[in-house]
Protein chains: 2
Amino acid sequence: MATREEPPRVVAQEGLVDALVQISFVTMAVLSKVGAEHDLSLTQLRVLGILRDRRVRMSRLADYLGLEKSTMTGLVDRAEKRGLLERAPSASDGRAVDVFLSPGGADVAERLYAQVERSLAPMTGELGPAGQRRLQSLLEQLIGFDSLGG
Amino acid sequence: MATREEPPRVVAQEGLVDALVQISFVTMAVLSKVGAEHDLSLTQLRVLGILRDRRVRMSRLADYLGLEKSTMTGLVDRAEKRGLLERAPSASDGRAVDVFLSPGGADVAERLYAQVERSLAPMTGELGPAGQRRLQSLLEQLIGFDSLGG
DNA sequence: TATTGTTATACTCTATAACTATA
DNA sequence: TATAGTTATAGAGTATAACAATA
């Protein structure tokens, strides 16, 4: 008699997806705004974030962002022209090009990161320390599952 | 001796912002992908989402999205040309133009919504029912605070 | 042959500035 | 005068297709 019927639910808890989508739009709006204050698009912001602790080749960067290599060329062109990052031929593969932050770009990246934290703090602060820890724990479980990366 | 010093923390719980940003990028990637399968940008997706249960004027739509009115013109032009939504002069203000979903657009919007739920379900399902409820509750607290809307 | 990156091209998204019509 | 929307223009972001250089 212990037969437990799976509820025929294919989707998440009612309302959870809405909440997730809404909070994501809010977070993106904050990121966009911080970026805009430095004349950076969301994508450029991500590039700086990715390169904060890595030196990667063009194709890898395209993979991280989910963009075509041809798109990367223009993106990196513009950022390079502004002195935020630099290109260098790969030592191990004559076809490849490595991309990395310039000293100035690293400065900007650090400032951006701090500013994002400050901008989101008023919102996350609503939860109090215990709520923040619980939220972080739940989000990290979700991230662990994810197969897309970012 | 019960003097409790406030820690000089201006930012959120270490790691929470990272988690929030990461999960937001994942969510946006899912939304983008679902939209792309219908040849819709993230912005077009949002427009359909907003109009799902509302008829609004151009300027209001621009406010919701945080975009200029001139940007709305092109956005609505393209969606209208594809038969997703329609324009009509406002009854109460001779200058204003109302925008609303066409029957076909409403169909697409419903399908998109269902697809987003299905696409996110494998991830949110990781938490189990109790975790999902806790996450939803925490996210809704954050949304309640937000001053940007979306 | 396959892969890496760039170039050429085209379309979408976005903003600023100038304009028309209505309030 | 101020507001709603469009048009004109320009730049960024994006993809597809064709190409050169290297593996």
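Order of the sequence lines fixes the chain letters, A, B, ..., with proteins taken first and strands second; residue numbering starts at 1 for each chain. All values derive from a computational prediction rather than experimental measurement.
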Has the side chain of B/Glu126 got a donor or acceptor atom that lies under 3.5 Å from a matching backbone atom of A/Gln141? no
Whole-Å distance, A/Asp63 CG to C/dT4 P, equals 9 Å
Classify A/Thr71 by what it touches in the nucleic acid, base, sugar-phosphate, or nothing, heavy-atom distance under 4.0 Å. base
Hey, which sits more toward the 5' end of DNA chain C by its nearest nucleotide, A/Ala96 or A/Gly74? A/Ala96
Give the C-alpha distance, both sets of side-chain angles, the deciding distance and a yes or no for side chain to side chain contact (heavy atoms under 4.5 Å, CB included) between A/Thr43 and A/Leu67. CA-CA 10 Å; A/Thr43 306; A/Leu67 300 172; 4.0 Å; yes
Taking any heavy-atom pair under 4.0 Å as a contact, classify B/Thr73: base, sugar-phosphate, or nothing. base
Should B/Gln44 be listed as having a side-chain N or O under 4.0 Å from OP1 or OP2 of C/dT12? no
B/Ser24 side chain to A/Met28 main-chain N or O, any donor-acceptor pair under 3.5 Å? no
Nearest-angstrom distance from the residue atom CG of A/Leu75 to C1' of C/dG5: 14 Å
Is the shortest side-chain N/O distance from A/Thr43 to OP1 or OP2 of D/dT14 below 4.0 Å? yes
Sugar-phosphate, base or nothing in reach of A/Ser59, heavy atoms under 4.0 Å: sugar-phosphate
Can you check the B/Asp39 CG to D/dA15 C1' distance for me, whole Å? 12 Å
For A/Leu40 and for A/Ser92, locate the closest nucleotide of DNA chain D by heavy-atom distance; then report the residue assigned to the nucleotide nearer the 5' terminus. A/Leu40
Whole angstrom value for the distance that separates P of D/dG11 from NZ of A/Lys81: 12 Å
Report the nucleotide, chosen from C/dA17, D/dG13, C/dT14, that has the shortest atom-to-atom distance to any side-chain atom of B/Ser70. C/dA17
Is any side-chain N or O of B/Arg87 closer than 4.0 Å to OP1 or OP2 of D/dT6? yes
If only atom types and distance count, is the side chain of A/Ser90 paired as donor or acceptor with the main-chain N or O of A/Val97 below 3.5 Å? no
Is any NZ, NE, NH1 or NH2 atom of the basic residue among B/Asp77 and B/Arg87 found under 4.0 Å from an Asp or Glu carboxylate oxygen of the other? yes
What is the distance from CE of A/Met72 to C1' of D/dA12, rounded to the nearest Å? 14 Å
To the nearest angstrom, the CG-P distance between A/Leu67 and D/dT16 comes to 11 Å
Does the side chain of B/Arg78 get closer than 4.0 angstrom to OP1 or OP2 of C/dT12 through an N or O atom? no
Nearest to the side chain of B/Lys69 - C/dA23, D/dG13, D/dT6? D/dT6
Rounded interatomic separation in angstrom, taking CG from B/Leu61 and P from D/dA4: 14 Å
To the nearest angstrom, the CZ-P distance between A/Arg57 and D/dT22 comes to 15 Å
Are any side-chain N or O atoms of A/Ser137 and backbone N or O atoms of A/Arg133, one a donor and one an acceptor, separated by less than 3.5 Å? no
Is the phosphate of C/dC13 approached by B/Ser41 (side-chain N or O, under 4.0 Å from OP1 or OP2)? yes
Against the side chain of A/Arg95, the closest entry in D/dT22, C/dG5, C/dT14 is D/dT22
